[in-house]
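In what follows, a structure is listed as structure tokens, so that the remarks can point back to it.
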Amino acid sequence: MTDKKVLTLQDISCFGQCSITVALPIISACGIETAVLPSAVLSTHTGGFVGFTFRDLTEDIPGIIAHWKKEGIKFDCLYTGYLGNISQVEYAKVIRRELLNDGAKLIVDPAMADNGVLYNGFDDSFVKGMRKLCAQADIMLPNLTEAALMTGIEFKAENHTEKYIDDMLTELGKIGAKMIILKGISFEKNKIGIVVYEADTREKQFYFTERMDKNSPGTGDCFASAFTGALMRGKSEYESATIAADFVRECIKNTIDDESHVYGVKFEKAIPMLVNRCNGF
Ligand code: PXL
């Protein structure tokens, strides 16, 4: 039997529990081999640290792709996250064409904004480029801030109405991704959730869980990684999204009592739960 292989394109934030440093252990915990294509190297992530280093690795990407091509290396999924430079969208397209097996998935987490604002260093042209990458995706995983930026609809943090979410999904559906998993929906004060939306059929399925009173960088990466791992283990998109949502809730639960731990979530403590869920327990 051949197991699925994932390639993830995102940055290495050397410290800070996000991007590749969470994607590798999480997808591995799901039982799935993961290769990395680092988009940039930063000393830390950009959400709360000052004076971080940043090295854009765009120049290294074509040589890496060419070598893999020569070796006949192929993947069953390309999962993209934080890009070091918007020109990397073109390389994601090349990888999709040349390094993916038939039936492989392109999963795009448009990691560029949260809590109503763009991450440090990103601008409108980055949003436009990310929208183009999302257009190619089988599955895109925006949070509400990213969805608002890509659709031009106003961002609302909470107290959402069904109409607000429906309008957002209709506009997101026009981007071109086959499936949209929109995160950060809140119809009730103590609940937070996601909707899994199929663009063609307009079918939507919601999932809600307990809202935790803590906002941490890296939770989007934990979600996308657990989702990717579960999906590659053969779970449906909806089940994978529920596993990812529960996993993120557990990550935050394991962090909430430590007030000094503000830069990320203790995802390591929630890995046993993720392994169990991937194994069907
Ligand atoms: O977790 C998203 C993320 C990834 N990579 C870098 C970031 C952030 C969020 O701030 O700064 C470098």
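Counting starts at 1 for both ligands and their atoms, in listed order. Each residue takes its place number in the sequence, starting with 1.
A salt bridge links D138 to R96: at least one charged side-chain nitrogen sits closer than 4.0 Å to a carboxylate oxygen. Between K163 and D167, at least one side-chain nitrogen of the basic residue sits less than 4.0 Å from a carboxylate oxygen of the acidic one, meeting the salt-bridge criterion.
In this view, R131 satisfies the salt bridge (Lys or Arg N to Asp or Glu O under 4.0 Å) rule with no residue, not counting sequence neighbours. Remark: R55 engages L57 in a side-chain contact (heavy atoms from CB on, under 4.5 Å) (not counting sequence neighbours). In this view, T201 and E198, E203 satisfy the side-chain contact (heavy atoms from CB on, under 4.5 Å) rule, not counting sequence neighbours.
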Present, as a list of atom pairs with distances to 0.1 Å, all nitrogen or oxygen contacts under 3.5 Å between ligand 1 and the protein.
from     : atom 1 : to   : atom 2 : distance (Å)
ligand 1 : 1 (O)  : D221 : OD2    : 2.6
ligand 1 : 5 (N)  : D11  : OD1    : 2.8
ligand 1 : 5 (N)  : S19  : OG     : 3.1
ligand 1 : 11 (O) : T46  : N      : 2.7
ligand 1 : 11 (O) : T46  : OG1    : 2.7

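Ring geometry for F122 against F126 counts as parallel: the plane angle stays under 30°, on a 0 to 90° scale with 60° as the upper cut.
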